[in-house]
2 protein chains.
Amino acid sequence: MTRLITAAAAQLGPIQKHEGRDVAVGRMVRLLERAHQRGAQVVVFPELALTTFFPRWYHEDLDEADGWYETELPSPATQPLFDAIRRYGLTVYLGYAEIAFEPDETGIVRKRRFNTSVVIAPSGEIVLKYRKVHLPGHAEFATHRKVQHLEKRYFEIGNLGFPVKRAPVGDVDVNVGMMICNDRRWPESWRVLGLQQVELVMLGYNTPSMNQENRGFEAHHLRVFHSQLSIQSGCYQNATFAVAVAKSGTEDGHEMLGHSIIVNPQGEIMAQATTWDDELVVADCNLDLCELGRSTVFNFGLHRRIEAYGRITAQTGSEAPQVWTPSSASL
Amino acid sequence: MTRLITAAAAQLGPIQKHEGRDVAVGRMVRLLERAHQRGAQVVVFPELALTTFFPRWYHEDLDEADGWYETELPSPATQPLFDAIRRYGLTVYLGYAEIAFEPDETGIVRKRRFNTSVVIAPSGEIVLKYRKVHLPGHAEFATHRKVQHLEKRYFEIGNLGFPVKRAPVGDVDVNVGMMICNDRRWPESWRVLGLQQVELVMLGYNTPSMNQENRGFEAHHLRVFHSQLSIQSGCYQNATFAVAVAKSGTEDGHEMLGHSIIVNPQGEIMAQATTWDDELVVADCNLDLCELGRSTVFNFGLHRRIEAYGRITAQTGSEAPQVWTPSSASL
């Protein structure tokens, strides 16, 4: 029997700083309703989907930023989302800022902050939680930047790895994994999921249309290309589908790219959002397609050579290579 | 001072089974001459550039295949290449089949076979040697295939890792690294080079235009896309230039794809071959462009999280994920 699922990318337009969760949640419930009407069984929302992308705003005292975070899920504010998920029988990816009171690496329970996503089952239960590993940006106010990108200030590095679980999507059990935003640029994220036989990567993002570092070189017109290139190659090289979803448009005066996509295990774009607003794109995903790559070119067991990959986990930064010197005879 | 080099992809059309090294070497010398005329300082030839792609032909006794291999470099047959390299002051990547008499893993010296490439300095000295790590295909005659792909029969797995050296290209010292063919599809190859600050990846390939496994799913029209996707993402994600060069056209009755490319650290194609024959494409590469990626998005030291990458070197094949079961309360 063909393992067919219908997946939806539920792109969000901007959420302004002054808009409350009720505005975002209302729009998300309408997208879930439309996803159901279009036959989708799984819906992916963006990173930090419930508020504006607050890491562009600086707070000296972290606790002043607490209003941007969730301390429980569902909460009164997010309950309508969970009601819609149950009503329509959907599997949903939701990105949000998380405050958790849990032990740190020294064992002391404290208030911890993560950039988090969850997969929610049609029952409303949390299937899987992920906390963003590749936090971009910086921790301190950067005077040279026109716009701040304070993810390294507001979040700790994710401590749950890149987990995959086999979970229900409609009538089909699917190996689902997650990423958040910048993770998609790192082939390591994709490979760790691929090594767990992921079939559907769900990922949300908030990506500025403009390079904020003003360092020259990187053309703004390449930013969508770089996003798609990373997602398409990750899918091809790991034989997986992906649903990659933007929060887009001009938020708090700053433009973010849209172009949410659904990609197949050949790296082809199957569907793409073309507005900078709330927009749903839907595609039928035949999970049997994952099997081709997995059993031929990317049969990891047959072809990977971990003895040649040592540097990938042995060193974090790069190292300068040896300098070649011609033999004296050749001079 | 801008670190500018001029790089050439020296694509080769087919070399038929009955054609001797003199034919191939003569064509390659003409390409070196044209590269010099067009101002190139570095030239990349394909994988196994001196002969037909012989792994499509089966020999029961490996020693019967010895005629396809080189036992020394330069040899009388390849001396004209080295003469041209010295004459024009070029740095050159050459792919060839290598027979080496050297100790195996048990310490016994024996006849060993590798799919090899070298970087040759303008002096004619060998700067760096690489032996292909990701050997595709199979070791035994496969009756279900229309065309054999016996790389796992004719070559041992490369035992030199993915080395990088800083070597002269014209007046500029450049961090050069190598891959061969199928290596380019594996993000691990790119990352191991990137972790050594590679600035110029040289890679040759022989890639059939048709999927020979007849497994369905993989459309022939995607094969060039998959090649370019892998190279472009590898360049972007490691902030490096690449010169990727095909042996192309109908060889021994079997079509191979061309589309040799030069790619910049933004993942953009700067130049592309558009024939299936001997063809030279040339591009100016400003190595300062590598610095942008390396100091921002892909600042490895700041952003890589090796504690989350363990599976990449700990396991070769993939593992099935845990199955999620709903809590009894939700049923």
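Atom set for the values below is all heavy atoms of this structure, side chains included, hydrogens, waters and symmetry mates excluded. A, B, ... follow the sequence lines: proteins, then strands. Residue 1 opens every chain. Given the structure is predicted, the values throughout are model-derived calculations rather than measurements.
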Peer 1: So which part of Leu229(B) gets closer than 4.5 Å to some heavy atom of chain A, the side chain, the backbone, both or neither?
Peer 2: both

Peer 1: Should the pair Lys132(A)-Glu151(A) be classified as a salt bridge under the 4.0 Å nitrogen-to-oxygen rule?
Peer 2: yes

Peer 1: Is the backbone N or O of Gly177(B) less than 3.5 Å from a side-chain atom of Glu199(B), with the two atoms forming a donor-acceptor pair by type?
Peer 2: no

Peer 1: Count the heavy-atom pairs under 4.5 Å between each of Gly267(B), Pro265(B), Pro187(B), Gly301(B) and chain A, then report the option with the highest count.
Peer 2: Pro187(B)

Peer 1: Considering only heavy atoms, which portion of Leu160(A) lies under 4.5 Å from any heavy atom of chain B: side chain, backbone, both, or neither?
Peer 2: neither

Peer 1: Hey, is the main chain of Thr316(A) close enough, under 3.5 Å, to the side chain of Arg304(B) for a donor-acceptor pair?
Peer 2: yes

Peer 1: As an exercise: rank Asn299(A), Val164(A), Ile157(A) by heavy-atom pairs under 4.5 Å with chain B and give me the winner.
Peer 2: Ile157(A)

Peer 1: Where does Leu128(B) contact chain A at under 4.5 Å (heavy atoms): side chain, backbone, both or neither?
Peer 2: neither

Peer 1: Who among Val323(B), Val192(B), Val127(B), Val176(B) has the most heavy-atom pairs with chain A under 4.5 Å?
Peer 2: Val127(B)

Peer 1: If you tally heavy-atom pairs under 4.5 Å against chain B, which of Trp190(A), Phe298(A), Phe162(A) wins?
Peer 2: Phe298(A)

Peer 1: Check salt bridge (charged side-chain N to carboxylate O under 4.0 Å, His left out) between Asp83(A) and all other residues, then give those that pass, not counting sequence neighbours.
Peer 2: none

Peer 1: Report, one line per pair, each donor and acceptor closer than 3.5 Å where one atom sits in a side chain of residues 306-315 of chain B; sequence neighbours left out.
Peer 2:
from      : atom 1 : to        : atom 2 : distance (Å)
Glu307(B) : OE2    : Arg305(B) : NE     : 3.1
Glu307(B) : OE2    : Arg305(B) : NH2    : 3.1
Tyr309(B) : OH     : His134(A) : NE2    : 2.6
Tyr309(B) : OH     : Arg305(B) : N      : 3.1
Arg311(B) : NH1    : Gln315(B) : OE1    : 2.8
Arg311(B) : NH1    : Glu319(B) : OE1    : 3.4
Thr313(B) : OG1    : Thr313(A) : OG1    : 2.6
Gln315(B) : NE2    : Leu195(A) : O      : 3.1
Gln315(B) : NE2    : Gly317(B) : O      : 3.0

Peer 1: Below 4.5 Å from any heavy atom of chain A, which atoms of Ile126(B) appear? Answer side chain, backbone, both or neither.
Peer 2: backbone

Peer 1: Please confirm whether the backbone N or O of Ser327(A) pairs with a side-chain atom of Glu125(B), one donor and one acceptor, at under 3.5 Å?
Peer 2: yes

